[in-house]
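Here is the structure we will look at, set down as structure tokens.
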Amino acid sequence: MTSVENNIDHLVNNVTPQINGTNGGKYDDDDDQFPENVHIMKTNNQLRELHTLLRDRTTCRSDFKFYADRLIRLTVEAALDQLPYVPCDVITPTGHCFPGLRHEKGTLCVSLMRSGEAMEKGIRECCRSIRIGKILINEAHVIYAKLPSDVHKRRLLVAYPVITTGSTVLTGLEVLLKEYQCKQSNMILISLFSTPDGINHICDLYPGLTIVVSEINTVAPNHFGQKYFGTD
């Protein structure tokens, strides 16, 4: 039996969900207590299983990375749907005209290091030629920032996997808005997990920001970055 099968068998037979409220502390995608700029991915069995496996302490690191990369790609795909698209007609191999869509070029990914780097692979797989800028933040202090000079003209995908208090994300957003003159309306924050307090804190300060998150839960998997990079 493979390690993946062992994990699934363990989940079926042994794991009891932690109950925190009526739904394990989780908020549904149609919950109206969050602003309209917050897009929570619609829960299905596949998504719930990935959330479960990434929280299971018996999941080994190789399996953890596999499940994390799957969830990252799903979340990135959901975020890409928030980009502006323009009409684009193409001619098919059979000579027919197909009235399609194409997203506007010039999108930039901004990775909030170090945890945000875990999401770069999924973003590159969805946007093959995308440029990636980086901001390294430690205890609400910016240590390093490398961004293109025209960042203020671009649509931004800001990547950070787990939001608890929101302090790291807020520091990164402040750099982009104040030092690089970026616009809130041009930014999409992509996160895998967030607490209600963290997401509300960000929305209170930056209501023009679009946020895409796979789950909002009172208990976030704070071990994500360490487990993904093998530093746990």
Side-chain angles (χ1 to χ4, degrees), residues 20-43 47-48 51 54 71-72 74-84 103 107-113 115-116 118-119 122-123 133-142 145 147 151-152 154-222 224-225:
N20 187 350
T22 59
N23 195 22
K26 178 183 177 298
Y27 292 80
D28 293 328
D29 48 279
D30 58 353
D31 199 299
D32 59 2
Q33 73 167 286
F34 301 105
E36 292 183 356
N37 60 315
V38 177
H39 302 271
I40 309 173
M41 291 171 61
K42 187 173 179 61
T43 300
L47 202 61
R48 189 64 169 170
H51 291 159
L54 292 174
L71 180 60
I72 289 166
L74 289 172
T75 311
V76 170
E77 295 279 10
L80 293 178
D81 197 42
Q82 300 301 317
L83 289 171
H103 77 270
T107 302
L108 173 75
C109 169
V110 178
S111 172
L112 303 182
M113 300 164 63
S115 294
M119 303 179 69
I123 290 172
K134 297 176 183 288
I135 302 176
L136 174 60
I137 300 167
N138 184 34
E139 297 181 353
H141 294 289
V142 177
L147 301 165
V151 61
H152 62 286
R154 295 174 176 264
R155 298 276 179 176
L156 304 182
L157 303 177
V158 182
Y160 195 71
V162 182
I163 299 170
T164 49
T165 65
S167 60
T168 298
V169 171
L170 289 172
T171 301
L173 293 176
E174 185 177 10
V175 170
L176 291 169
L177 291 165
K178 294 184 177 180
E179 295 187 20
Y180 290 90
Q181 289 76 52
C182 298
K183 298 179 180 178
Q184 291 185 45
S185 58
N186 284 345
M187 296 185 195
I188 300 174
L189 173 62
I190 310 175
S191 187
L192 305 181
F193 304 95
S194 178
T195 63
D197 289 344
I199 212 87
N200 281 326
H201 191 191
I202 294 170
C203 289
D204 288 344
L205 293 176
Y206 302 113
L209 176 74
T210 298
I211 302 174
V212 176
V213 59
S214 81
E215 183 194 61
I216 297 179
N217 197 303
T218 52
V219 181
N222 294 326
F224 182 91

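If you read the sequence from its start, that first residue is 1, and numbering goes on from there. Quick caveat, the model's predicted, so the values are computed rather than measured.
- Applying the side-chain contact (heavy atoms from CB on, under 4.5 Å) test to L74 and every residue at least two apart in sequence or in another chain returns M41, Q46, L47, L50.
- The CZ atom of F34 lies 7.5 Å from the CD1 atom of I199; values are rounded to the nearest 0.5 Å.
- With a 4.5 Å cut-off on side-chain heavy atoms, L54 and P221 do not count as touching.
- Between atom OG of residue S111 and atom CD1 of residue I190 there is a gap of 10.5 Å, rounded to the nearest 0.5 Å.
- Residues passing the salt bridge (charged side-chain N to carboxylate O under 4.0 Å, His left out) test with E179, sequence neighbours excluded: none.
- T75 and S191 get closest at one heavy-atom pair: CG2-O, 3.6 Å.
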Give every donor-acceptor pair under 3.5 Å between a side-chain atom in residues 157-175 and any protein atom, sequence neighbours left out.
residue, atom, partner, partner atom, Å
T165, OG1, S167, N, 3.3
T165, OG1, S167, OG, 3.3
T171, OG1, S167, O, 2.9
E174, OE2, K178, NZ, 3.3

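- Annotation: salt bridge (charged side-chain N to carboxylate O under 4.0 Å, His left out) contacts involving residues 183-212, sequence neighbours excluded, are absent.
- By the salt bridge (charged side-chain N to carboxylate O under 4.0 Å, His left out) test, R155 is found to be paired with no residue, residues two or more places apart in sequence or in another chain being considered.
- Here the closest heavy-atom approach between residue T195 and residue A220 is recorded as CG2-CB, 4.0 Å.
- One distance of note links SG of C182 with CG of L209; it measures 11.5 Å at 0.5 Å rounding.
- Nearest heavy atom pair, residue C109 against residue I123, reads SG-CD1, 3.5 Å.
- For the pair L189/I211, a side-chain contact is recorded, criterion being any heavy-atom separation below 4.5 Å from C-beta on.
- In this structure, P35 and N37 approach most closely via the heavy-atom pair CB-OD1, 2.9 Å.
- For residues 165-198, the set of pairs meeting the ring pair (Phe, Tyr, Trp, His ring centres under 6.0 Å) definition, not counting sequence neighbours, comprises H51-F193.
- Shown here for H152 and N186, the closest heavy-atom pair between the two residues is O-ND2, 4.4 Å.
- By the 4.5 Å heavy-atom criterion applied to side chains, I135 and L176 are counted as neighbours.
- For V212 against A78, the heavy-atom pair with the smallest separation is CG1-CB, 4.0 Å.
- Proximity of P196 to T218: side-chain heavy atoms (C-beta onward) are separated by under 4.5 Å at one or more points.
- Between the CG atom in L156 and the OG1 atom in T210 there is a gap of 11.5 Å [rounded to 0.5 Å].
- A 4.5 Å side-chain heavy-atom check between V38 and I202 finds every atom pair outside the cut-off.
- Taking 4.5 Å as the limit, every side-chain heavy atom of H103 sits out of range of all side-chain heavy atoms of L80.
- In this structure P207 satisfies the side-chain contact (heavy atoms from CB on, under 4.5 Å) test together with Q184, sequence neighbours excluded.
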